[in-house]
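Nothing here was measured: the structure is a model prediction, and the numbers come from that model. Here is the naming used below: chain letters follow the sequence lines, and residue numbers restart at 1 for every chain.
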There are 2 protein chains.
Amino acid sequence: MQLQQASTADRPRSGGATRWAAPRDAAPPPQGGLDLIEQFGTRRLARRGQEFYAAGDPAQFCYRIVSGCVRTVGLDEDGRRQVAEFLLPGDLFGFDSLDTHHLSAEALTDTVVVCYPRRAVDALAEQHPGLARRLRDLTLRNLRRAHEKMFLLGRKSAGERVAAFLLEMAERTAPGAEGTHIALPMTRADMADHLGLTIETVSRTMAQLCREGAIASCKSGIEIRDREALANFCAGGTRH
Amino acid sequence: MQLQQASTADRPRSGGATRWAAPRDAAPPPQGGLDLIEQFGTRRLARRGQEFYAAGDPAQFCYRIVSGCVRTVGLDEDGRRQVAEFLLPGDLFGFDSLDTHHLSAEALTDTVVVCYPRRAVDALAEQHPGLARRLRDLTLRNLRRAHEKMFLLGRKSAGERVAAFLLEMAERTAPGAEGTHIALPMTRADMADHLGLTIETVSRTMAQLCREGAIASCKSGIEIRDREALANFCAGGTRH
DNA sequence: CGCTAAGTTGACTGTTCTCAAACTTGGTGG
DNA sequence: CCACCAAGTTTGAGAACAGTCAACTTAGCG
């Protein structure tokens, strides 16, 4: 399942754009100090289900998503799973590692990434304090998000978790828009393992949100019908 | 409740060592690139309950604990609380912030810290790539710990959470030692808000661990009686 | 067109929460 | 020194939320 470098490699500006590089879902290259690393980026395609790296692997590469969706996953000896994050076009991953990755990263859909050798990134950071700063800020933002997620997992009800998740996905894919279609490329099992619930509870909760008119379910996604109601649900919809 | 700078400030090497600077619980200054910032450190005493900073405050200082114990806390509008971490001598905090702190930090006991101005730390990091690297690694380790905690909160039972917490505290205060006294300077409420449980559940679970002989409770702490049993409890003690 | 994986729904169980009361503990002042 | 008080902790009984098990439906794919 490991990503094949040779077979899917693709020069950064090579003319042969595949359908994965279609402009409508392509994420722009990063701004700020991070554009320095762009010269070392290599474009790659990962098929649905392919693994970018496994937990414990040496951290050789970091990635930026151009199109598609990726999940980072932790697994314990009992087979219990925790999906740390879902990553969308524009998101970076694999930067948040020391010598080895402690989570695995897998493509949820066919995904195009730009891939940077860590060695080059680290060397560049040595010379450019601005880049080093950006990398630290990136990690700090991830840490902040992790703390918010800890709060979600430790202190929120099933309803609040699902509603918060849907709002987050909506915000990330179509900021501010109401009534638009939100793609949910992950399975119920992925959502459950992300939210600390079971697939049945996720399914039931989404059914309830439909019944109450907050969302409508389309195929492989939802539509936000009543953002207000969803946000409300976030802060104690089930609790009295 | 905000920490008073003037009244508690204390020059780094001033002779007037208070009882808080007693050598037996004093943590050594940091090694690696981090010792560079030591020249800017100022020693301070925070009384039990005092706040180093609140969520939303501009991030002006970062801290290293010399003795005592600190908690970082997130609070939401409903009054629900999440204790992100407990910090012990040698631990650093306040480094994991962007412009503002997103958690508050409070002293659990009378605590001596060394306090570094962020402005100086950042400026130093600009000039010393090694320090910048160390700061990023520090944040990365925090992120890794946050991910482990997410797993704990999302996927483990009450028994596993409490057992894991006690083992973690044991490991941090007396690595490898069995039968030693482990201080627990936090209240049951703090533990509950850290583990995503209620005080009653924490209390009941600890009572059960006592009954089973894994631990014994001393005043304001516990003694690990059977590390094996505790570790066992960690990985599915209540589950079949 | 049937196979498999994913999703839904229902009935039931159980862990954890809630509410309430009794019980420690530590500090304060008479 | 002891009584008192407040804060924290323990324990119990019952309720509720989410989990488990199982049947069924739907969707995707050869």
statement: Whole-Å distance, A:Arg48 CZ to C:dA5 P, equals 12 Å
query: Between B:Ile222 and B:Ile224, is any pair of side-chain heavy atoms under 4.5 Å apart?
result: yes
- prompt: What does A:Ile199 touch in the nucleic acid at a heavy-atom separation under 4.0 angstrom: a base, only the sugar-phosphate, or nothing?
  reply: nothing
field: Length of the line joining A:Leu209:CG and C:dT9:P, which is rounded to integer Å
entry: 13 Å
field: Distance in angstrom units between A:Ile222 CD1 and C:dG7 C1', rounded
entry: 16 Å
message: Is the distance from the ring center of B:Tyr63 to that of B:Phe95 below 6.0 Å?
response: no
query: Is it true that B:Arg47 and B:Asp110 have a side-chain N and a carboxylate O under 4.0 angstrom from each other?
result: yes
task: Please check if the distance between the ring centroids of B:Tyr53 and B:Phe61 is under 6.0 Å.
output: no
field: N or O in side chain of A:Ser157 less than 4.0 angstrom from D:dC17 OP1/OP2
entry: no
Nearest-neighbour nucleotide for the B:Glu200 side chain, D:dA18, C:dT16, D:dT11 considered: D:dT11
message: Which residues pass the salt bridge (charged side-chain N to carboxylate O under 4.0 Å, His left out) test with A:Arg188, not counting sequence neighbours?
response: none
task: Measure from CZ on B:Arg155 to P on D:dG19 and round the result to the nearest Å.
output: 7 Å
- request: Could you tell me the separation between the CZ atom of B:Arg211 and the C1' atom of D:dT10, rounded to a whole number of Å?
  value: 11 Å
query: Expressed in angstrom and rounded to an integer, what is the separation of B:Gln208 atom CD from C:dT15 atom P?
result: 11 Å
message: Please report the distance, rounded to the nearest Å, between NZ in A:Lys156 and C1' in D:dC17.
response: 17 Å
statement: note: A:Arg80, atom CZ; D:dG19, atom P; distance rounded to Å ~ 13 Å
query: Side chain of B:Thr187: nearest nucleotide among D:dT11, D:dA18, D:dG8?
result: D:dG8
field: 5'-most by nearest nucleotide on DNA chain D - A:Arg204 or A:Lys219
entry: A:Arg204
Closest to side chain of B:Arg188, choosing from C:dG7, D:dT10, D:dG19: D:dT10
- prompt: Side-chain N or O of B:Thr198 less than 4.0 angstrom from OP1 or OP2 on C:dC17?
  reply: yes
